[in-house]
Amino acid sequence: MQIIILGPPGAGKGTQAKTLAQKLNIPHISTGDLLRQNVSKNNELGKLAKDFMEKGALVPDTLVTQMLIQRVDQANIKNGFILDGYPRNITQAQELDAFLKKINSEIEFVIDLNTSIPVIIQRLTGRLVCSRCGINFHIRNMPPKKENTCDNCGASLYQRADDNEETIKKRLEVYNKEFSPIIKYYEEKQKLHRFDANQESEIVLNKILNMIQEHDDSLKV
Ligand code: AMP
């Protein structure tokens, strides 16, 4: 099952993608996470991507697509994957379709998480991310049991450099500019499924799973 999760930063893409990946037993591939790994390794790609990411701008398509294709080739994608953070524009959507076609595959579901701006700012300015396993917490909504420590693996938590109000607004601007053609692209292909993501993440997850089950009744979750 090949799934794309779309939605502005703070829509809960990462959280939904991680849980869906576990439930459906397919890998979760986040281009943001992959880029951050490269930045922390300070390798060639990381050095090139860092400035764009800190400004909240998109990293050039060729760099991101190359990195993604390498990851998809490596991953066990026999049963599919969940893409989070990609595509971010039409060029990327077309490159992804062309790559999947080559391996006799295609995108099945595009999940669009609709979220309001005040909810996004509230979620992102309080977000804490685990430095080891990548799980998200929230200063107020979902604090860790022990301050600054991941409940899951015990590693330290950090605030992403781009989770400040100024950069969030810039990221939303970039997102909105790039987003409408992508929505249209998948809508025309009848792959788009919209969800109200201002709600609790469990409610949203159940709605997504119900939708997938309606299309694929062999699925047991
Ligand atoms: P995210 O974790 O998805 O919010 O991504 C964090 C940052 O990584 C974005 O603000 C971009 O700078 C960069 N990024 C992630 N995915 C992509 C992509 N598909 N294309 C270009 N830049 C990306």
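Read the numbers this way: they start at 1 and go in the same order the structure lists the ligands and their atoms. We count residues from 1, following the sequence as given. What's counted below: heavy atoms across the whole structure, side chains too, no hydrogens, waters or symmetry copies.
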**Message:** Between Tyr86 and Ser30, is there a side-chain donor-acceptor contact under 3.5 Å, judged purely by atom types and distance?
**Reply:** no
**Asked** Are any of the N or O atoms of Phe52 closer than 3.5 Å to those of ligand 1?
**Response** no
**Prompt:** Looking at Val64, which atoms of ligand 1 are within less than 4.0 Å of one of its heavy atoms?
**Reply:** 18 (C), 19 (N), 20 (N), 21 (C)
**Asked** What about Gly85: any of its N or O atoms under 3.5 Å from an N or O on ligand 1?
**Response** yes
**Request:** Starting from atom 20 (N) of ligand 1, locate the nearest protein heavy atom and write down its residue, its atom name and how far away it is, to 0.1 Å.
**Result:** Gln92 NE2, 2.9 Å
**Fill in**
heavy-atom search around atom 11 (C) of ligand 1 in the protein gives Ala57 O, 3.5 Å
**Item:** Ionic contact status for Asp163 with Arg123, cut-off 4.0 Å
**Value:** no
**Item:** Atom pair OG1 (Thr31) and CG (Leu58), whose distance is rounded to the nearest 0.5 Å
**Value:** 9.5 Å
**Fill in**
Out of Lys13, Arg88, Arg171, the nearest non-hydrogen contact to atom 5 (O) of ligand 1 is supplied by Arg88
**Item:** Nearest non-hydrogen protein atom, atom 8 (O) of ligand 1
**Value:** Met53 CE, 3.5 Å
**Prompt:** Got an N/O contact under 3.5 Å between Asp84 and ligand 1?
**Reply:** no
**Request:** Mark yes or no for whether Ser131, through its side chain, and Leu157, through its backbone, hold a donor-acceptor pair below 3.5 Å.
**Result:** no
**Asked** Pro9: heavy atom below 4.0 Å from ligand 1, yes or no?
**Response** no
**Message:** Between ligand 1 and Arg160, is the shortest N or O to N or O distance under 3.5 Å?
**Reply:** yes
**Message:** Assess, by modelled atom type and distance only, whether the side chains of His193 and Asp112 contain a donor and an acceptor separated by less than 3.5 Å.
**Reply:** no
**Region of Glu54 engaging ligand 1 - heavy atom pairs below 4.0 Å** = neither
**Message:** Quick check against the 3.5 Å criterion: does Gln92 have a side-chain atom that pairs as donor or acceptor with the backbone of Arg88?
**Reply:** yes
**Prompt:** Is Leu58 touching ligand 1 with its side chain, its backbone, both, or neither, if touching means heavy atoms under 4.0 Å apart?
**Reply:** both
**Message:** If I take atom NE2 from residue His28 and atom CG from residue Leu20, how far apart are they, to the nearest 0.5 angstrom?
**Reply:** 9.5 Å
**Ion pair Arg194/Glu187, N-O distance below 4.0 Å** = yes
**Message:** Under 3.5 Å between any N/O of Arg36 and any N/O of ligand 1: does that happen in this structure?
**Reply:** yes
**Message:** For ligand 1, which is the ligand I care about here, please tell me if Asp162 has any N or O atom under 3.5 Å from one of the ligand's N or O atoms.
**Reply:** no
**Complete:** So the atoms of ligand 1 within less than 4.0 Å of a heavy atom of Thr31 turn out to be 15 (C), 16 (N), 17 (C), 19 (N)
**Prompt:** Which protein heavy atom lies closest to atom 14 (N) of ligand 1, and at what distance to 0.1 Å?
**Reply:** Leu35 CD1, 3.4 Å
**Message:** As a check for students: among Val39, Leu34, Val59, identify the option with a heavy atom nearest to atom 22 (N) of ligand 1.
**Reply:** Val59
**Item:** Distance-only side-chain donor-acceptor flag, Asn79 / Asn25, under 3.5 Å
**Value:** no
**Message:** Does the Lys NZ or Arg CZ of Lys177 fall within the cation-pi geometry relative to Phe179 - under 6.0 Å from the ring centre and within 45° of the axis?
**Reply:** no
**Message:** Please check: side-chain N/O of Lys191 versus main-chain N/O of Ile107, any donor-acceptor pairing under 3.5 Å?
**Reply:** yes
